[in-house]
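Here is the structure we will look at, set down as structure tokens.
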Amino acid sequence: PELRRFLPVEEPQTFEFPVRVEETWPAYLGGARSAAASPNPGDPNYDAFVEARRTEFEARAADGLLSLDYATMLVLGRRMAG
């Protein structure tokens, strides 16, 4: 429904492609650091950022791996005329 505001389509079809990713601590931190809003090393908030990510990782990881479920959604449809 939200897509129709930006790209009106007739009879949209939605496909979802789920994937589970298992990440180690370095991979998880690297992914978190890749976000545009994350602080860089040397930033006054960097250590607190890393500590918060580490706390999240430790709370949810098993045997050193954190399982994350993602989904890519694909919406297909013919553009409405007009």
Side-chain angles (χ1 to χ4, degrees):
E2 292 179 28
L3 178 65
R4 290 179 187 232
R5 291 186 343 200
F6 304 104
L7 183 64
V9 295
E10 296 176 13
E11 301 179 29
Q13 295 178 297
T14 303
F15 301 90
E16 187 172 326
F17 302 94
V19 63
R20 174 167 283 184
V21 177
E22 292 187 340
E23 295 184 334
T24 61
W25 163 243
Y28 178 70
L29 180 60
R33 288 191 57 216
S34 72
S38 69
N40 291 316
D43 184 290
N45 297 315
Y46 182 75
D47 290 341
F49 170 81
V50 172
E51 184 179 326
R53 300 295 81 75
R54 182 61 142 173
T55 299
E56 290 173 0
F57 183 87
E58 294 298 330
R60 298 172 44 206
D63 298 324
L65 290 175
L66 178 62
S67 294
L68 300 167
D69 293 318
Y70 295 97
T72 298
M73 294 189 71
L74 172 65
V75 180
L76 298 176
R78 184 179 305 269
R79 252 185 104 167
M80 295 173 68

Residue pairs meeting salt bridge (charged side-chain N to carboxylate O under 4.0 Å, His left out), one or both in residues 56-67, sequence neighbours left out, come to Arg53-Glu56, Arg54-Glu58
Can you name the residues that form a ring pair (Phe, Tyr, Trp, His ring centres under 6.0 Å) with Phe49, not counting sequence neighbours? none
Look up atom CD in Glu16 and atom CG in Leu74, then write down how far apart they are to the nearest 0.5 Å. 11.0 Å
With clusters defined by side-chain heavy atoms of hydrophobic residues (ILVMFWY) lying less than 4.5 Å apart, directly or transitively, does Tyr70 cluster with Met73? no
Please report the shortest heavy-atom distance between Leu66 and Ala61, naming the atom on each side. CD1-N, 3.9 Å
Is the Phe17 ring parallel, tilted or perpendicular to the Phe15 ring (thresholds 30°, 60°)? parallel
Within a strict 4.5 Å, meaning less than it, do heavy atoms of the Phe57 and Leu29 side chains meet? no
Measure the spacing between CG of Leu65 and CH2 of Trp25 and express it to the nearest 0.5 Å. 14.0 Å
